[in-house]
Structure formats: structure tokens, C-alpha cells
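First the structure, in the form of C-alpha cells, and then the observations on it.
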4 protein chains.
Amino acid sequence: MITALAPSRKRSNSARRAILTAAFALLEEEGFERLSIEGVAARAGVGKTTIYRWWPTKGVMAVEAFLEAVTPVIAFRRSRSARADIVRQMKALAKLYRGHTGNLVCQMIGASQLDPAMRKAFTEGFLYPRRERAYAVFERGVAGGEFRADVDRDVAIDALYSPIYYRLLASGAPIDEAFLDRHIELVLRGLMA
Amino acid sequence: MITALAPSRKRSNSARRAILTAAFALLEEEGFERLSIEGVAARAGVGKTTIYRWWPTKGVMAVEAFLEAVTPVIAFRRSRSARADIVRQMKALAKLYRGHTGNLVCQMIGASQLDPAMRKAFTEGFLYPRRERAYAVFERGVAGGEFRADVDRDVAIDALYSPIYYRLLASGAPIDEAFLDRHIELVLRGLMA
Amino acid sequence: MITALAPSRKRSNSARRAILTAAFALLEEEGFERLSIEGVAARAGVGKTTIYRWWPTKGVMAVEAFLEAVTPVIAFRRSRSARADIVRQMKALAKLYRGHTGNLVCQMIGASQLDPAMRKAFTEGFLYPRRERAYAVFERGVAGGEFRADVDRDVAIDALYSPIYYRLLASGAPIDEAFLDRHIELVLRGLMA
Amino acid sequence: MITALAPSRKRSNSARRAILTAAFALLEEEGFERLSIEGVAARAGVGKTTIYRWWPTKGVMAVEAFLEAVTPVIAFRRSRSARADIVRQMKALAKLYRGHTGNLVCQMIGASQLDPAMRKAFTEGFLYPRRERAYAVFERGVAGGEFRADVDRDVAIDALYSPIYYRLLASGAPIDEAFLDRHIELVLRGLMA
DNA sequence: GACTAAGCGAGACGGTACGTCTTGTCTTCAC
DNA sequence: GTGAAGACAAGACGTACCGTCTCGCTTAGTC
């Protein structure tokens, strides 16, 4: 037996929790720009070294803190109509993004442009899992004859969801129900079988 | 008369030019993250005060530098078919964004999420003027009977262009001709009269 | 004749007054260290150029402001006894230096060590005129047979007054009546005929 | 027990040495006025923070640099005659002050007037230790019957030494042998038993 | 009475240094 | 033997002043 494994491992997990908690708190209070590894270390009661050991970048750390705190996904319901499920989910997502979370997502995607590792972490940790679920619903719709079979699922999902992000990140135009209704109507016209 | 405007030394145009030139050069060489007001001042042979006097933020300065250097717009041609003009322009835009400029736009929009003044400057200086031209072409299409008259122009333009920005900023998926063809086909199906 | 002297505007006396008043006010409120030409110009409602035109250094300006404001000399009385006149004057001077003015003199002499032009201005504008009066009294004492005739007046005056400045500038020891009595007694023992 | 002292990295002695060496070099080359913390940091190859961590003021740092470099005291000899020892030491001191060191002392005392912490550092680090030795010699003279027993040692030492500082800092009159002879003769006349 | 050159206020400019903040690395000591 | 505490070199931050430089406006004198 090799045994004698250090009791420090347990401690390192509590440090990890303390760090992510502190990071998320600071992210909310100060915003990503003013978030600093120094500040997180102080607030978490942790040495800076401990942070640098596990995260390459304040951005990656922030993404992880964000994911731990915000994870709750906007799930798709599973009714008879895939179309209805998508519409319902998009509206719930938009509602979420109109609030506090939208601001955080904004900052995450924004900061990601200046930090490749962060971008990878955010894309893989946040966007991809959610997109997988959208694929599933869309394909259910194709299988059920609701949607055309000749439309690429990436093209379809992008067409549906991109304007939410465009308005969030660029134009600043409102992402309200009226807009969503019109937008979805337009795209679904091209998507329906 | 009230007037009584204070006489004083005028703003130096040569300093302004030197600053924007240096800022753009550093933006290209180092990227926005490593761009610093200190660095710009040194390279431009200018006091830091002069920069702070005229720009509230390195972000706003960078936007102005970007606009002065990159302005050349992807113009719409004006053929018989508004549809063809839009397709052509979108492809040219995508080609531009696949290159060096796409990277810069990425950084501009990204950094804008962390700097409200920069976001305002970029939106008003870059996005809005280009969008105006897109409105015009779309409305030409409506007038000419090519496009449905009951689709809001903002909804239409967002549906067409958003995925380019989504792929640029978030998913990282390629913005190639194949994708554009499929995407445009999908949206235009819902847009055509 | 050479003549043909140019017609021109004369130096503005009101500007000079405004500058010296502002300088003295700031000297008192903030101290010499935090006194700045910029601050004086702003407070006096005067262009910086006007200050630079007439004073080579903030130190020289401060000395002039100090002299205009503080000039009142501690005069010697003229009684039968030169010794008594000197003692009386030294005590009055010490009292003055124990107060606010001592602090200003301190700062003037201190700053003078780092600014030769200021040192010249202070020495000639402040110290010399006062010393002349001390010479006069001392020589009256010599003439009247109170003081030895073989003591150099500079040696005598320095011996009497230096400790006041030493305590003011260096040791920080109190310059009170008890000290002065003992000190004067000691020096006069060597000075009396 | 209260203790609980924090474990941490120790102060770097090599950084301290580098800083004081650089500071003294710049003090000599440029003078106190042009001495800057920035300049010292650059020359010492040290971060500015390290200087600010350990010295409150450029003045205090300069005093410490001065003390480390100049410490060599003008020692009193210990002959039969305390008077002779004092005279000899005063002349050696005056010689020192007529040279380069006098200039430095001047600047130290001058700048001290504008920086209380520096003044404390200079007084306690430079003046007091030297004064202690003067006390000792004077008291030896009293014990040996050379000097009057009823003269306060502070009064005596001030009377002897102050004019050196007065001439150094204020009047600018020479501190030569001729002056010292006359001055010492005058004061000792009042001091001798 | 008009002309004209300097004085004047305002404040932009190229700079230097300030004192602070944060980065990423390193060292030390207590548990 | 790990990990908190924090010192360290580096370097950018945004501010305060420096001393110089335009700018128009004002104000003497002289012609």
C-alpha cells in the first residue's frame, strides 16, 4: 500500500470553494473589469499562489465561478410541438438575459474576446451544453415532420438565437416579447416543413 | 449678447493625429488588452494628459483610432435585385470579418462590454451608420416588391446579420460561403414576398 | 538721441498684488511644499505666464509674498542700556518665532536650501535688514562702553541669535524665556566690557 | 498567549542595500530636489512599491541613505583639556562642513522643514547621537573644573555649535578658522570656570 | 484718435514624478 | 509538505504640476 495520502487534499477543495464564491461575489459587486486575483485571494482568505496554481487566468476563474453559481439551465419542455417548446424556451431565455444574468453573460463573452483561454472555457462550459439541448429539440421537430429536413441544425439554431446575442452585445436594442414574436415568426416561416 | 467665450490655445490637430495613429498601430501589434495609454503617449510623442483631456477611456480612444483607420465601408451595390445586393454585401462583409478586421471588431465589441462609453462610441460610430445602409437596401426591396411589406426592418436585418456576429464572438464556428448560402436561403424564405 | 522707445503696456500692479496675496494665503493654508504656481495662478485669477514673467521660481515668489505680508520688524527699543534693548528684542523675536511666523520662517529657510535664488531673496530681503539693526544696537553698546571693543560684531550677533535658529530648524528644543535668560547670560559674560 | 504571528516572506536585505546605495548616489549627483523615488527604483533595479513599503517619504529614505554613507563621526579626542578637545573637534567639523558634506547636511536640514517625518529621522539619527558625545566632553570639563558648573549643558553646546549651522543654513558667511577662533574665544569666556 | 507692441487671461502642450494597484513569481514559516 | 501570507520586480493607472507655447483681448503710450 502506498497510502499516507495528505489530508491537505480536503483543504484544497474548501479553498476552491472559497475562491469561486469570492470570485462570484466580486464579479457581481464590482464587475469583471474590477475583479482581480488579488482581491479574490484576500476575500477568500487564500494565497494568490493557490489561485494561480489552478486557474491560468482571472477570466477562466471567473467563468468557473459564473458556471457554479448560475448553472441552472433554461430547460426545454417536451410537449407535442417542438416549435412551441422552442418558442417557450427562447422567451424564458430572453427574460433571463434582460435581467442581471444578461449583464453577466455580456461581460463573460466580452472579456472572452481578450482572453482565449477564457473564451474556450466559456464556450465549452456554457454555450455548447445549452446548444446540445437545442439540437435535440430541433431534431425532434424534424423527426416529427414539423421542420424541414434539409436545414442544417447549426444554421437553424444560429438563425433563431443569434439576434438575442447580437442585441445583448452590440446593438443594445430591446429583447422583448414583441421582438421575439416577430423574429421567431420570420425564421420559422423558412424553417417549417 | 452673452458670449464671453474664453480665448485660449486651440486643440492641436497634429497631436490628435499622432495619438490615433499610434493607438491603431499598437492595437494591431499588441491587441487591445495590451494597448495602454502610456504606450500610446510614448509612441505618439505626446503627454498622457493630452490623451486624458480628449478621451475618457482607452476604449473610446481605440474606437476612434479604429474608425479613422478602418472606415472603408462594405458598400452595397445597387443592382435590380435588392436580394442580390444584400447577398453580395454579406459575403463581402463575411470575407472581411474572416480576416484581420474581424479580429479587431471582435476585440472592439468584446472590450465594449466592460466599458460603457466605449460601447456607445462603437455602436454609434460603427454599427449604426452601416445599419442605415442596410435599412435602405431592405426598404428598396420592399418597395420593389421583392420583400414582404409586413416585416419590421430591424427584425429582418437582425435575422440576416446576427449569426455573423454570433459566430465571430461566441461559437467560433466558421463564417464561410457554405454557411452563408444556407443561412441566407433560410431567412430569405421567410422574407420574400 | 536714440529714443524711439516702444509704446507698450506696463506691468499690471493689480496682477502682482493678486498673485502675492494668493501665494501668501496658500502658503498659510497648505504650506510651502504644497504651494504651486498653478494653484496661485488659479486662485489669483491670473495666467501662469504672468507669474513666470516676473518670478524665476516659486520660492522667490513665496519669499516676496512672505515679505509683503509679514514685514513688521521686531524693532529694537532705544533705552540707556544696549544690553537691555537686545535682551528685550530677542525675547520679542523668540515669542514671534514660537508662533505661526516661526513656522513660516522655518519653511522659508528650509526651502531655500534647495533653491539658490530663493535663498538669495530671503537672505537679502529678510535676514540682512534685520541684522543691520542688530549691528547698530551692538555698536551703540560698544560706543557706550557696555560691550568689549575687541569683539567682531558678526561674531557677537551670531553668538547671540544663532541658537534661536538652531532650535527652530534643527534640534526643535524650546525657545522659551528660561532658555533665553541662560543663553544670553552666558554670551554676555563674554561680551561685556 | 496572543501571538499568532503571520508567516510570510522576509524583507529583502539586498533590496534595502540597493535602494540606499542608489539613493545616496543620486543625492550626490543630482541633489535632494531632483532625487525621486522613481529614479531610485530604476537605478536600484527595484519596484517602487518596495520603497514605499519601507519608507514613508523620499526624505526619510534620503536620511537613511545619508546616514549609512556618511556616518563617520567627527570624534572628540580625549586629552587632558576638555576645552582643547572641543576646539579641535569644532574645527574638524567646520572643515567637514565647508566641503561636500556641508552641502548635504544643508539639504537634509532644509528639506526636513517641509517633511516632519524626515526631520524626526534626521534629528534622531544624526544630530542627537553627535550631541551626546558633546555632552560627555562638556561634562568632563565641568568635572575637571575647566567649565563652570552652573551652565546648562544644552545652553553651552548650543552656544558653541549653533553659529556653524546658522552660517551654513542662513547667512552664508564663511565658517573659517578665523571666525571659529573668535567665536570660541567669546563663548568660552562665559563658560570657563 | 488711431496705432501698436507688450501685458494679460486662458489653457493646450510635452514631460516628469507622484502614490496606488495589480500581475505573476518567489520565499518563509506554521500546521 | 502543503499552503497562507506577503515581499518582490515590473509596469500601467489617472493626477498634479512643471515650464513653454499659442491664442485673442486689453491697455498704455506715442505719433
Whole-Å gap separating [atom2] ([N]) and [atom1] ([X]):
X       : N      : atom1 : atom2 : result
A/Arg34 : F/dC13 : CZ    : P     : 16 Å
C/Tyr52 : E/dC8  : OH    : P     : 16 Å
D/Glu33 : E/dC18 : CD    : C1'   : 14 Å
A/Arg16 : F/dT2  : CZ    : C1'   : 19 Å
D/Arg17 : F/dC8  : CZ    : C1'   : 18 Å
B/Ile51 : F/dA12 : CD1   : C1'   : 12 Å
B/Lys10 : E/dA10 : NZ    : P     : 17 Å

May I ask you to verify whether the side chain of [X] and the base of [N] hold a donor-acceptor pair under 3.5 Å?
X       : N     : answer
D/Thr50 : F/dA9 : no
A/Lys48 : F/dG6 : no
D/Thr49 : F/dC8 : no

> Among the nucleotides F/dC18, F/dA7, F/dG14, which one has an atom lying closest to any side-chain atom of C/Glu38?
Replying inline: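 Selected nucleotide (nearest to the side chain): F/dC18.
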>> From C-beta outward on C/Arg53, which listed nucleotide comes closest to its side chain: E/dG9, F/dA9, E/dC8?
In response: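 The answer is E/dC8, which lies nearest to the side chain.
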> Closest nucleotide of DNA chain E for D/Gly39 versus for B/Ile19: which of these residues is on the 5' side?
Replying inline: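 Between the two, 5'-proximity favours B/Ile19.
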> Which residue lies toward the 5' end of DNA chain E, B/Arg9 or D/Ser36, if each is placed at its nearest nucleotide?
Replying inline: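 Closest to the 5' end, via its nearest nucleotide, is B/Arg9.
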>> Just to be sure I understand the rule, does C/Arg11 reach a base, reach only the sugar-phosphate, or reach nothing, if contact means heavy atoms closer than 4.0 Å?
In response: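 Sugar-phosphate only.
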>> Run the side chain to side chain contact (heavy atoms under 4.5 Å, CB included) test on B/Trp55 and B/Glu64 for me, step by step, so that the C-alpha distance in whole Å, both residues' side-chain angles and the decisive distance to 0.1 Å come before the verdict.
In response: CA-CA 9 Å; B/Trp55 291 277; B/Glu64 197 169 328; 2.7 Å; yes
